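Bear in mind that the values here come from a model prediction, so they are computed numbers and not experimental data. All residue numbers in this chain count up from 1 along the given sequence.
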Amino acid sequence: MPKKVHIHPPSATLVQLPDGRHMAYHEQGVPADRARFSLVSPHSFLSSRFAGIPGIKESLLEEFGVRLITYDLPGFGESDPHPNRDLNTSAVDMLHLADAVGVNDKFWVVGYSGGGMHAWAALTYIPERLAGAAMFAPIVNPYDSSMSKEEKYKIWERWTPRRKLMYFLARTFPSLLTYSFSRSFLSGEHGQLEKFLSLSLGKKDKTWIEDPTFQEFWQRDLEESIRQGKIRPFIEEVVLQVTKWGFSLGNIQVQRKRHGKGFLPWLKSMYSQTELEWAGFLGPIHVWQGMDDQVVAPATAEFVGRLIPGATIHKLPGEGHFSYFCFCDECHRQIFSTLFGTPRGPLNSTVEVDQASFEEEFEEVLFTHTAI
């Protein structure tokens, strides 16, 4: 008999956003006052705040001084729905959450799979608050006008007919997705991950998702994702993936002519050989991509690399969509070492005295006392 979906009692910590909505979030790692690095992670489709970086060890977060904050997107988990959700509001929600939970410095955004869409939005709309981006098989809009025909073919060719149909309906008749979603992951019964997400998987991924640890994680994450029992947030999410995003990845980093302030320097720059400068988000952007990924094709990472020249693309031979990011201690250590270098542990929570200032003040007092 199919296993019934169990809806658990509410357990999330909530913050109230400026518009009155409540957002549910989950924290791992070191506390705010000791965090050397803060990571904020929007989840992917049919997921929740429990996803984060699946299987990440508390000891590793402590070793690198990392605070990991994950949250439920509007209408998912325990977060209130948004009446007019788009990718701009997604970035603004992330900003308000960071402020509400005491992230005072710049933070890293983590985008995995469908969550990459919200990470791209953050890089576009709130770049001044970001220290960098860590992306793992991040999606792009498959209808992006910047794609060449060859790139579109390579991205679409690995998808199942069912997934292609889902995207077609999301772009043209999204209401028709209601029947499909209500018969699959909103049916009240657990089923196969591939069927629920309309996916085909490579050899390593198939083995990976059969592991009992992954199965337990997947079922709990799914149960939390659909706890409100409403179809609208899921349709919204798919529609966001395939309709106009309101920005182009090519605008995250752009080259422009350098010129001084005022009309004359600008006019001169238009007709002379002027030095070029990079503009937009100039912090680190790392993209990890499994080369045997059947969910997000490797051609996607090549497309990102073409539009964002400053991005570092890490190609992972033999890895799939889940096998590198989920429940891999060695992989997680490699990721943190790439992002943060040598582990230095949490910040010292005690107030450190500025030795130089102390010595200057001491000398001043001593001089004054001697003069008197």
Side-chain angles (χ1 to χ4, degrees), residues 28-29 37-57 60-61 64 66 68-71 73 90 94 107-123 130-142 155 158 193 197 199 201-202 204-205 208-209 214 217-218 221 237 241 249 252 281 283-305 307-308 310-340:
Q28 293 175 266
F37 306 102
S38 296
L39 274 59
V40 178
S41 176
H43 60 76
S44 58
F45 183 78
L46 200 54
S47 191
S48 75
R49 67 185 184 279
F50 289 148
I53 303 175
I56 189 76
K57 293 289 181 61
L60 187 67
L61 295 170
F64 281 86
V66 171
L68 175 61
I69 303 163
T70 58
Y71 63 97
L73 293 171
S90 179
M94 194 185 304
F107 60 89
W108 287 75
V109 62
V110 178
Y112 168 61
S113 191
M117 172 175 64
H118 304 286
W120 294 131
L123 288 167
L130 298 184
M135 315 287 274
F136 303 89
I139 68 166
V140 298
N141 189 334
I155 288 173
R158 293 195 176 196
L193 180 149
L197 295 177
L199 306 177
L201 298 177
K204 190 168 185 178
D205 271 344
W208 208 263
I209 68 171
F214 185 91
F217 155 76
W218 151 250
D221 193 33
E237 192 72 3
Q241 291 181 10
L249 296 186
I252 290 177
F281 181 77
I285 301 174
H286 290 271
V287 179
W288 281 267
Q289 177 65 56
M291 302 310 289
D292 192 33
D293 192 335
Q294 305 294 317
V295 182
V296 176
T300 303
E302 296 174 5
F303 172 68
V304 170
L307 290 191
I308 310 177
T312 302
I313 310 298
H314 305 271
K315 297 182 179 181
L316 307 171
E319 299 289 354
H321 192 67
F322 301 98
S323 60
Y324 187 81
F325 185 63
C326 304
F327 297 96
C328 179
D329 295 343
E330 181 183 350
C331 307
H332 296 161
R333 177 171 291 279
Q334 290 175 357
I335 291 164
F336 277 15
S337 297
T338 300
L339 299 179
F340 309 129

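Between the side chains of Asp205 and His321, no donor N or O sits under 3.5 Å from an acceptor N or O. His43 and Thr70 share no side-chain donor-acceptor pair at under 3.5 Å. For the residue pair His118 / Ser90, a side-chain donor-acceptor distance below 3.5 Å is found, with atom types taken as modelled. Between the side chains of Tyr324 and Glu330, no donor N or O sits under 3.5 Å from an acceptor N or O.
With rounding to the nearest 0.5 Å, the separation of CZ in Arg333 from OG1 in Thr338 is 12.0 Å. To the nearest 0.5 Å, atoms CD1 (Ile308) and CG (Leu123) are separated by 7.0 Å. Taken to the nearest 0.5 Å, the CG atom of Asp221 stands 8.0 Å off from the CG atom of Leu46. Summarising the geometry, atom CZ belonging to Phe107 is positioned 10.0 Å from atom CG belonging to Leu39; distances are rounded to the nearest 0.5 Å. In this structure, CD1 on Ile56 lies 10.0 Å from SG on Cys328, to the nearest 0.5 angstrom.
Classification of the Phe325-Tyr112 ring pair by plane angle, with boundaries at 30° and 60°, yields parallel. Note on ring orientation: taking the six-membered ring where Trp is involved, the planes of Phe214 and Phe327 are perpendicular (angle over 60°, cut-offs 30° and 60°). The aromatic rings of Phe136 and Trp288 sit parallel to each other, their planes meeting at less than 30°, with 60° as the upper class boundary.
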### Message
Could you go through Leu201 and Phe322, starting from their C-alpha distance and side-chain angles, then the distance that decides it, and tell me whether this counts as side chain to side chain contact (heavy atoms under 4.5 Å, CB included)?
### Response
CA-CA 9 Å; Leu201 298 177; Phe322 301 98; 3.8 Å; yes
### Worked verdict on Val287 versus His314 for side chain to side chain contact (heavy atoms under 4.5 Å, CB included)
CA-CA 6 Å; Val287 179; His314 305 271; 5.9 Å; no
### Task
Could you go through the side chain to side chain contact (heavy atoms under 4.5 Å, CB included) check for Met291 and Lys315 one step at a time?
CA-CA 7 Å; Met291 302 310 289; Lys315 297 182 179 181; 3.7 Å; yes
#### Entry: Intermediate values then yes/no, ring pair (Phe, Tyr, Trp, His ring centres under 6.0 Å), Trp108 and Phe340
CA-CA 11 Å; Trp108 287 75; Phe340 309 129; 5.6 Å; yes
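Of the possible polar contacts, one joining the Trp120 side chain to the Ile139 backbone as a donor-acceptor pair under 3.5 Å is found. Ser113 contributes no side-chain N or O that, together with a main-chain N or O of Gly115, makes up a donor-acceptor pair within less than 3.5 Å. Of the possible donor and acceptor atoms, none in the side chain of Asp292 sits under 3.5 Å from a partner among the backbone N and O of Gly202. A donor-acceptor pair is defined here as one N or O able to donate and one able to accept, closer than 3.5 Å; such a pair exists between the side chain of Arg158 and the backbone of Asp293. For Glu319 (side chain) and Lys204 (main-chain N/O), no donor-acceptor pair under 3.5 Å exists by modelled atom type. The main-chain N or O of Ala297 is found under 3.5 Å from a side-chain atom of Thr300 such that the two form a donor-acceptor pair.
When all heavy atoms of Phe217 and Pro54 are compared, the pair lying nearest together is CZ-CG, 3.6 Å. Nearest heavy-atom pair, Gly290 versus Pro298, reported as atom, atom and distance to 0.1 Å: O-CG, 3.7 Å. Minimum interatomic distance between Gln289 and Ala137 (heavy atoms only, all atoms of both residues): OE1-CA, 3.5 Å. Residues Phe281 and Leu130 approach most closely at CE1-O, 3.5 Å, considering heavy atoms. Scanning both residues, Gly116 and Pro138, for their nearest heavy atoms gives CA-CB, 4.0 Å. Nearest heavy-atom pair, Ala119 versus Gly111, reported as atom, atom and distance to 0.1 Å: CB-CA, 3.9 Å.
A salt bridge is defined here as a Lys NZ or Arg NE, NH1 or NH2 lying under 4.0 Å from an Asp or Glu carboxylate O, and Lys57 with Asp329 meets this definition.
In this structure the side chain of Phe64 never reaches within 4.5 angstrom of the side chain of Leu339, judged on heavy atoms. In this structure, the side chains of Met117 and Gln241 come closer than 4.5 Å at one or more pairs of heavy atoms. For the pair Ile285 and Thr312, the minimum side-chain heavy-atom distance is 4.5 Å or more. Looking at Ile209 and Trp218, their side chains never come closer than 4.5 Å, going by heavy atoms from C-beta outward.
Tested against Met94 for a side chain to side chain contact (heavy atoms under 4.5 Å, CB included), the candidates Val40, Leu73, Ile69 yield a single pass: Val40.
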